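It should be emphasised that the depicted structure is a prediction, and the values quoted were computed from it without experimental measurement.
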Amino acid sequence: MYQNVNNGGRFNIPPFNNVNYNYVQEPPVDNAPVWFVAAAPLFALFLEKIAFSAYVAIAFWIFAYIVCVLMCIKDRIKVDNYLNSTVNTTRIPKFLVLIPILYLIVRNQKLKNQKQYHIFAIIFFLVAFWQNGLISYSLMTGDSYTQLVKNYYVDDISNFSEVKDTSYKTIEKSIESYLGHNNISWSCLNNENSQLVTAKAKSSYNGEEAILSIVFAFDYDYYKYTEIEIKSVYLNDKELKDEELSAFLTQIFFDDKTADLSGDSIVEV
């Protein structure tokens, strides 16, 4: 004889005893668009990194935002149709599509489908916010610009565009190698839209002690900096020019000890 046991209106006998009555069916709404919106900040950040100017980078961010809004508008129509037909709840306000992250949060609450796309959206947005060019530029300091110059490869300096060098030496290491010491004073000056970084140290010139100053310059447009160039070189208060400058730069950056200050060199300035 079977025993009928009613547990809260449910039969606790086979085949009913293993049924999960707390199961909530997922709403038949496509989540692909909102996952795209969640990942959009990383996509926009990638586009910014390959942009060749600030204007192009800003255009990429605007494009990504517009696409997210359009995706939210399209998704909201489907979600509201589902909510109106099956669930007794208020519709998602229209203005939320203009704030994609907030839209994803409210959408998840309305559907109660416990997906995590809104969490990922917040994380990706924060990453993109701190890594985008405008924020990075605002956090740049004189030390940041100086470090950038120190670690810049010699063969990437615009003055040496015709030189084929495969040693991959940095500016700092090249200067230290030429001087024979690392006692170099670095400073940075903001000159209108350009950053001027100066390396200053004791050196020798015609067998006498002299103060060597090399000024590097580059522009920064909030997203990318131009190629670094050597703006000027001073020995004491004398600025080197033309062939004299070219020969001296060859000695410093390409270890050409045979080049003198009046002869030919491999560097064009």
Side-chain angles (χ1 to χ4, degrees), residues 10 18-141 144-145 148 193 195 218-227:
R10 303 185 186 97
N18 291 324
V19 176
N20 181 7
Y21 292 97
N22 294 321
Y23 173 75
V24 178
Q25 183 178 3
E26 289 286 348
V29 180
D30 185 13
N31 289 319
V34 291
W35 278 110
F36 174 86
V37 173
L42 292 186
F43 177 66
L45 186 63
F46 168 77
L47 292 178
E48 177 200 304
K49 299 301 182 184
I50 64 175
F52 54 82
S53 73
Y55 298 107
V56 175
I58 292 173
F60 281 150
W61 279 106
I62 294 175
F63 170 75
Y65 171 74
I66 292 175
V67 171
C68 285
V69 170
L70 293 177
M71 296 292 282
C72 289
I73 291 174
K74 182 178 180 180
D75 179 76
R76 178 185 173 276
I77 295 174
K78 293 182 178 180
V79 171
D80 278 353
N81 289 338
Y82 168 77
L83 294 176
N84 289 337
S85 62
T86 60
V87 183
N88 183 20
T89 185
T90 57
R91 302 177 70 182
I92 301 177
K94 292 182 178 180
F95 75 91
L96 286 183
V97 298
L98 299 176
I99 314 173
I101 291 182
L102 189 56
Y103 170 79
L104 297 186
I105 295 173
V106 174
R107 178 191 192 272
N108 193 63
Q109 292 175 342
K110 294 289 186 182
L111 293 178
K112 296 182 173 59
N113 57 359
Q114 299 181 357
K115 298 294 183 181
Q116 303 303 317
Y117 47 77
H118 60 298
I119 303 297
F120 283 97
I122 294 173
I123 295 173
F124 293 158
F125 173 79
L126 291 176
V127 170
F129 177 79
W130 286 111
Q131 293 295 320
N132 79 80
L134 286 173
I135 298 300
S136 299
Y137 175 80
S138 65
L139 297 176
M140 290 284 281
T141 63
S144 303
Y145 293 119
L148 189 153
N193 295 327
Q195 300 294 332
F218 63 94
D219 298 329
Y220 201 95
D221 68 351
Y222 303 101
Y223 282 92
K224 287 187 177 295
Y225 56 85
T226 60
E227 290 180 328

Which value, rounded to the nearest 0.5 Å, describes the distance between Asn132 atom CG and Lys49 atom NZ? 7.5 Å
Determine, for Arg107 against Asp75, whether the closest basic-nitrogen to carboxylate-oxygen distance falls under 4.0 angstrom. yes
At their closest point, which heavy atom of Ala57 faces which heavy atom of Glu48, and how far apart are they? CB-CG, 3.8 Å
Side chain to side chain contact (heavy atoms under 4.5 Å, CB included) partners for Tyr145, two or more places apart: Tyr137, Met140, Cys188, Gln195, Val197, Phe218, Tyr220
With rounding to the nearest 0.5 Å, note down the distance linking CZ in Phe60 to CZ in Phe63. 9.0 Å
Name all residues meeting the side chain to side chain contact (heavy atoms under 4.5 Å, CB included) criterion together with Ile77; count only those two or more places apart in sequence or in a different chain, and write none if there are none. Asn81
For the CG atom of Asn108 and the CD1 atom of Ile119, what is their distance to the nearest 0.5 Å? 8.0 Å
When rounded to the nearest 0.5 Å, the distance separating NZ of Lys110 from NZ of Lys112 is 7.5 Å
Only counting residues at least two apart or in another chain, list the ones meeting side chain to side chain contact (heavy atoms under 4.5 Å, CB included) with Ile99. Leu102
What closest approach, in Å, do Leu104 and Tyr117 show between heavy atoms, and which atom pair accounts for it? O-CE1, 3.5 Å
For residues 34-45, tabulate all N or O donor-acceptor pairs below 3.5 Å that involve a side-chain atom, not counting sequence neighbours.
none

Under the salt bridge (charged side-chain N to carboxylate O under 4.0 Å, His left out) definition, can you give me all pairs with a residue in residues 91-103, not counting sequence neighbours? Asp80-Arg91
With sequence neighbours left out, what residues match Tyr65 under side chain to side chain contact (heavy atoms under 4.5 Å, CB included)? Val69, Leu98, Pro100
Between Ile105 and Ile122, is the side-chain contact (heavy atoms from CB on, under 4.5 Å) condition met? List the steps. CA-CA 10 Å; Ile105 295 173; Ile122 294 173; 4.1 Å; yes
